[in-house]
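Working notes, beginning with the structure itself.
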Amino acid sequence: MNLFAEIRGLVLDALSGMVADGALPPDLDIAVVSVEPPRDPGHGDMATNAAMALAKPARMAPRALAEALAPRLAADHRVETAEVAGPGFINLRLASSVWRNAVRAALEAGPLFGRSEMGAGRRVNVEFVSANPTGPLHVGHTRGAVFGDALAALLRFAGWEVTREYYVNDGGAQVDVLARSAYLRYREARGEAVEIPAGLYPGDYLKPVGEALSEQFGDDLMDLPEESWLPDVREFAVERMMDAIRADLDLLGVRMDRFFSERALYDTGLIEAALKRLDEAGLIHVGVLEPPKGKTPEDWEPRPQTLFRSTAYGDDIDRPLKKSDGQWTYFAPDIAYHFDKIERGYDLLIDVFGADHGGYVKRMKAAVAALSAERTPLDIKLIQLVRLFKDGEPYKMSKRAGSFVTLRDVIEEVGPDVTRFVMLMRKNDAPLDFDFRKATEQSKDNPVFYVQYAHARVASMLRLGAEAGVATEDRALAAADLSLLAHPAQLALAKKVAEWPRQVEQAAASFEPHRVAFFLNDVASAFHALYNLGRDEPALRVVQPDDPAGTAARLALARAVSVVIAAGLGILGVTPAEQM
RNA sequence: GCACCGGUAGCUCAGCUGGAUAGAGCACCAGACUACGAAUCUGGGGGUCAGGGGUUCGAAUCCUCUCCGGUGCGCCA
């Protein structure tokens, strides 16, 4: 239950009351009325802009409207004071029982505290990673994987039904290159001295694939022409690469619900079906594209091409569907793939792309709009690049893959929890600096430990409380006499707990899991502050063996904090620590 | 040339989708462990929100122009 939404309901009721009394004209647009925490806590617990937002349509002065509205709000038992301030804000101070109830609600709901029904069971497909099956995942993929996974978890927590999906690009020229590279490693495994020519994949990670091919086929492939061995080797190598990728994702704690094969699209006729749909809508034509201004490719020559009229849906130019040799461009199967997602009946599609695919956004949105008759929204989240550092120096080389740092390199060095949390501390569309040294140091430069420490501290208190003879199960703590929580610092912390459901909804509504990470930092900070107050004011110490009732109440508050932290870390995919 | 993303404290970044005096961490300065876990806390200095113009009760947030950085721009995915 989102307390802010609840109080907003109270404001709206009060406004309706004023309409009924003739104090306000009917048909006001109440969508603009908001209830938010004021920036300055000194102003109260919540503030509403209702008077200012409605002043003009109601043809009243903002402050006059506020003066009329405030007493109606103050009449509610949850509201202690309602004061008009500034240009027409109404600042609300809520009864402390409201905050105590939030603590109790957290204990009763446990891991489900903060869950929202906002998604209302609607179905969303989150496609992420989707790296080419030609090698191990690198750091860039890692960020996309972490983001997509956390976004999926967040939406699920907010009441969506979520599918995590990976599109396997196993149909293009790049997997033929993979097959040729693997074939050379195969010859190498058969005892031949090989050199990997430019244009093929040189990484050592293909050596085991070559050896496995050697084991499976013996000398059978040695004297065959390429067209004979290529399909088998390709399938073999792609499977091996996908196994490796799945293992990499597993290290990160990412599990996909579905891997969707591009190659399968060719066999099922789905590409033709999708393009037929576009053709029937008059969105396919043959035309000649203008060369890009300012940077004309040297071998540019005007050429008639089969084009998708993406300009009809806001793209800058129409996009080619066929190469000059008659093959599909990569765009054509991608259209078909999204057509399939639409046909599967999702209410929302989300694609997580690397920022280098930013130029692809408009055409993909155009395709989905056209194929779904603008019924299926597509949101595309771009993930900016990760810059790796070690002791402040740029860090590029990998022991394993040579030219790039792999996901496995990162996980082995800093572990999944730190990797995930650090990568989720940034907005997806801002570049991210990742310093290996800081991440491994486990110092205060490392925000993960700050949050985990708070969680571990609560666990420690619960252990001490139990030793002192206090029942520390959530159910028992929920029954404690919470009216013993009266100190402003305690109530301030309870307010943080009460904010969690709202934070979930806001993060989910904007598809921004990083907000969860920032909020957890906030909660941890408020908790640590209260804890340290106990040094100067012994009455605030949580565990006091000579005061079982008070200890139970304070433990209830502490446990509510750890409930929120555990729930938030659960969304981020980070382990909440019991001890450190 | 065009498109997309970014520009907020010395550094790294938030800023609740238009609200009140713009925040946090790091760094720097001064403090708090015989005390429930000091991986913590308290206090302090530090800003032309890249710049100009506009929209309105009110702009870091929306519109527009300029500057700077990143990414992309038919037959790579």
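Nothing here was measured: the structure is a model prediction, and the numbers come from that model. We name chains A, B, ... by the order of the sequence lines, and we start the count at 1 in each one.
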Original post:
Out of A/Asp315, A/Asp316, A/Asp318, which residue meets the salt bridge (charged side-chain N to carboxylate O under 4.0 Å, His left out) rule with A/Lys362?
Top reply: A/Asp316
Original post:
Considering only B/U71, B/G1, B/C75, which nucleotide approaches the side chain of A/Asp356 most closely?
Top reply: B/U71
Original post:
Between B/C49 and B/A22, how far is it from one P atom to the other, in whole Å?
Top reply: 10 Å
**OP:** Take atom P in B/G53 and the same atom in B/C13, then report the distance between them in whole Å.
**Re:** 30 Å
Original post:
Between B/A9 and B/G52, how far is it from one C1' atom to the other, in whole Å?
Top reply: 24 Å
Original post:
Checking all strands, does A/Pro320 fall into the base, sugar-phosphate, or nothing category for heavy-atom contacts under 4.0 angstrom?
Top reply: sugar-phosphate
**OP:** Scan A/Val361 against the nucleic acid and name what it touches under 4.0 Å (heavy atoms): base, sugar-phosphate only, or nothing.
**Re:** nothing
Subject >> Base-contact (B) and sugar-phosphate-only (S) positions in nucleotides 8-21 of chain B, heavy-atom cut-off under 4.0 Å, - elsewhere >> reply: ----SSSSBB-BB-
Original post:
Should the pair A/Arg502 and A/Phe4 be classed as cation-pi, given the thresholds of under 6.0 Å to the six-membered ring centre and 45° from the axis?
Top reply: yes
Original post:
Taking atom P of B/G72 as reference, at what distance in whole Å does atom CZ of A/Arg363 sit?
Top reply: 13 Å
Original post:
Looking only at atom P, what distance separates B/G37 and B/U21, rounded to whole Å?
Top reply: 43 Å
Subject >> Base-pairing assignment for B/C73 (Watson-Crick or G-U wobble, both under 3.5 Å) >> reply: B/G1
Original post:
When rounded to the nearest Å, what value does the distance between P atoms of B/A32 and B/A38 take?
Top reply: 16 Å
Original post:
P atom, B/C41 versus B/G25: distance in rounded Å?
Top reply: 8 Å
Original post:
A/Ile317 CD1 to B/G72 C1': how many Å, rounded?
Top reply: 11 Å
Original post:
Is it true that atom CD of A/Glu290 has more than 12 heavy atoms of other residues, nucleotides or ligands lying nearer than 6.0 Å?
Top reply: no
Subject >> Check: A/Tyr330 side chain, B/A77 base, donor-acceptor under 3.5 Å >> reply: yes
Original post:
When you check the glycosidic angle of B/U17, does it come out syn, meaning within 90° of 0, or anti?
Top reply: syn
**OP:** For B/G6 versus B/A30, give the span between their C1' atoms, rounded off to a whole number of Å.
**Re:** 38 Å
**OP:** Kindly confirm or rule out a cation-pi arrangement of A/Lys323 over A/Trp328, judged by NZ or CZ under 6.0 Å from the six-membered ring centre and within 45° of its axis?
**Re:** no
**OP:** Decide, yes or no, whether a salt bridge links A/Lys496 with A/Glu499 under the criterion of side-chain N to carboxylate O below 4.0 Å.
**Re:** yes
Original post:
Is the backbone of A/Asp547 close enough, under 3.5 Å, to the side chain of A/Thr551 for a donor and an acceptor to pair up by distance?
Top reply: yes
So which protein N/O to nucleotides 41-43 of chain B N/O distances come out below 3.5 Å?
from	atom 1	to	atom 2	distance (Å)
B/C41	OP1	A/Tyr450	OH	2.3
B/C41	O4'	A/Asn532	OD1	3.3
B/C41	O4'	A/Asn532	ND2	3.3

**OP:** Using atom CG of A/Asp315 as one end and atom C1' of B/G72 as the other, report the distance to the nearest whole Å.
**Re:** 12 Å
**OP:** Go through B/G37, B/A77, B/U71 for me and flag the one nearest to the A/Tyr531 side chain.
**Re:** B/G37
**OP:** Write down the distance between CG (A/Leu462) and P (B/G37), rounded to a whole number of angstrom.
**Re:** 11 Å
Subject >> Whole angstrom value for the distance that separates C1' of B/U71 from CG of A/Leu382 >> reply: 9 Å
Original post:
Hey, does A/Glu127 have a side-chain heavy atom less than 4.5 Å from the side chain of A/His338?
Top reply: yes
Original post:
For atom C1', what is the distance between B/G15 and B/U8, given to the nearest Å?
Top reply: 9 Å
Original post:
For B/C33, does the O4'-C1'-N9-C4 (purine) or O4'-C1'-N1-C2 (pyrimidine) torsion place it in syn, i.e. within 90° of 0, or in anti?
Top reply: syn
Subject >> A/Gln544 side chain vs A/Pro538 backbone, donor-acceptor pair below 3.5 Å >> reply: yes
Subject >> Gap between atoms CD and C1', on A/Gln305 and B/C73 respectively (whole Å) >> reply: 14 Å
Original post:
B/G58 pairs with which nucleotide, Watson-Crick or G-U wobble, both distances below 3.5 Å?
Top reply: none
Original post:
Quick one: does A/Leu69's side chain get under 4.5 Å of A/Leu24's, heavy atoms only?
Top reply: no
Subject >> A/Arg535 side chain near B/A38 phosphate (N/O to OP1/OP2, under 4.0 Å) >> reply: yes
**OP:** Using the six-membered ring of A/Phe434, assess whether NZ or CZ of A/Arg387 lies under 6.0 Å from its centre and within 45 degrees of the ring axis.
**Re:** no
**OP:** Output the single nucleotide from B/C36, B/A3, B/G74 whose closest atom is nearest the side chain of A/Asp316.
**Re:** B/A3
Original post:
Within the structure shown, what part of the strands sits under 4.0 Å from A/Ala55 by heavy-atom distance: base, sugar-phosphate, or nothing?
Top reply: nothing
**OP:** For A/Glu301, report the nucleic acid contact type (base, sugar-phosphate, nothing); a contact means any heavy atom under 4.0 Å.
**Re:** base
Subject >> Side-chain donor/acceptor of A/Arg554 to backbone N/O of A/Val542, under 3.5 Å >> reply: yes
Original post:
For B/A24, what is the paired nucleotide under Watson-Crick or G-U wobble rules, both distances under 3.5 Å?
Top reply: B/U12
